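Because the structure is a prediction, the values reported are computed rather than measured. Just the heavy atoms: all of them, side chains too, but no hydrogens, waters or symmetry mates, feed the values below. First the proteins, then the strands, lettered A, B, ... as listed; each starts at 1.
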Amino acid sequence: MDQFVLQGQNKRLCSDDVKRRSPRKKKVKVEKHESVKEEDKESSFEEFSHPIPWQKIEAGGLDCDYALLFLKEEADELFRQLEEEVVYSTGEEAKVQVFGKVYNIPRKQATYGNPGLTYTYSGVRRQAWPWTPTLEYIRNAVTDATGQKFNFVLINRYKDGQDHMGEHRDDEKELDPSCPIASVSLGAARDFVFRHRDARGKRSSRQIDPVKLELAHGSLLLMNPPTNTFWYHSLPVRRKVLSPRINLTFRRILVDTRKTIKEEL
DNA sequence: GGCGCAGCAAACGA
DNA sequence: TTCGTTTGCTGCGC
């Protein structure tokens with residue numbers, strides 16, 4: 001499998017199908033998003049600069065952008081603050097029912113966002129807590145970097161390499177299908193695997209290699225449409241990882257089918 | 001021992 | 001009525 005080293009903190013990014021985008025300045029990235037006005041672009045570069053350029057990750061139907069969003073010192077501080085601020089689900093909310101069996105979710109979860117928003121996961125509807133200062137800071141940094149606005153964040157905390165997340169797609173109906181999902185990683189670096197929906201299981205119809213990458217401390221992974229239509233993703237068990245990781249996935253949730261949250265932002 | 005992957009479980013909606 | 005989808009665990013092979 002091909003492997004290539006990224007600049008900065010990240011160690012590796014590997015896939016047979018990944019094309020590497022030549023390094024560009026952030027301007028190229030921002031221009032991609034029409035919501036950022038022309039005259040605002042240069043000023044936003046001054047406010048927020050990236051330790052490394054964006055990397056494009058592409059395969060059939062998969063479209064992601066990867067960058068280091070925070071330098072190590074800042075990422076360390078954000079991790080520390082989140083450890084103090086974030087309140088994770090406990091009790092029944094920390095369980096999931098799969099095929100009639102109830103399991104403890106192999107990680108901790110929390111949901112924050114704009115007032116009144118809810119998120120449905122495995123049939124369980126969760127209320128969003130109000131934004132904390134640190135979460136708002138990170139959300140603003142993601143918005144500055146991407147030109148996208150988000151009204152909700154799902155937080156997953158993996159205490160070590162035993163904690164994990166099974167293969168799934170983020171294709172809930174309440175998500176704005178035009179908005180990418182922005183995944184910010186803090187803490188231990190963990191492998192992240194994409195698998196095409198047609199390449200799963202013994203009777204898979206196509207031979208498509210999985211796309212694997214390592215999500216570094218302080219990194220941002222943008223999953224652009226239609227990635228979540230065709231590709232499942234997972235965070236596999238890594239027993240050698242002994243330290244915790246916090247992952248924040250920023251999303252744009254629709255209020256209902258007629259009115260989008262854009263109106264509220 | 002770590003990792004990748006297939007198979008399995010029951011219920012619901014299209 | 002049938003089919004697809006769902007998430008986590010377990011077992012097996014490498």
Item to complete: Give one of base, sugar-phosphate or nothing for A:V237, where a contact means two heavy atoms less than 4.0 Å apart.
Response: sugar-phosphate

Item to complete: Answer with base, sugar-phosphate or nothing: what part of the nucleic acid does A:R197 contact at a heavy-atom distance below 4.0 Å?
Response: nothing

In plain terms, say whether [X] and [Y] are close enough for a salt bridge, that is, a side-chain N and a carboxylate O under 4.0 Å apart.
X      : Y      : value
A:D160 : A:R239 : no
A:D76  : A:R80  : no
A:E83  : A:R157 : yes

Worksheet item: Where the side chain of A:R239 is concerned, which of B:dG2, B:dG4, C:dT7 is the nearest nucleotide?
Response: B:dG2

Discussion item. Can you tell me which nucleotide in C:dG8, B:dC3, C:dT7 comes closest to the side chain of A:R107?
Written reply: C:dG8

Is any side-chain nitrogen or oxygen of [X] closer than 4.0 Å to OP1 or OP2 of [N]?
X      : N     : value
A:R195 : B:dA6 : yes
A:Y232 : C:dT7 : no
A:R238 : B:dG4 : yes
A:K240 : B:dG1 : no
A:R169 : C:dT7 : no
A:H164 : C:dC9 : yes

Just the rounded figure in Å: distance from [atom2] of [N] to [atom1] of [X].
X      : N     : atom1 : atom2 : answer
A:H233 : C:dG8 : NE2   : P     : 11 Å
A:E167 : B:dA6 : CD    : C1'   : 11 Å
A:K95  : C:dC9 : NZ    : P     : 12 Å
A:Q162 : C:dC9 : CD    : P     : 11 Å
A:N156 : C:dT7 : CG    : C1'   : 13 Å
A:M165 : C:dT7 : CE    : C1'   : 11 Å
A:K212 : B:dC3 : NZ    : P     : 11 Å
A:N104 : C:dT7 : CG    : P     : 17 Å

Worksheet item: Atom CZ in A:F192, atom CG in A:N247: separation rounded to 0.5 Å?
Response: 7.5 Å

Worksheet item: Would you say the side chains of A:Y112 and A:E85 form a donor-acceptor pair under 3.5 Å?
Response: no

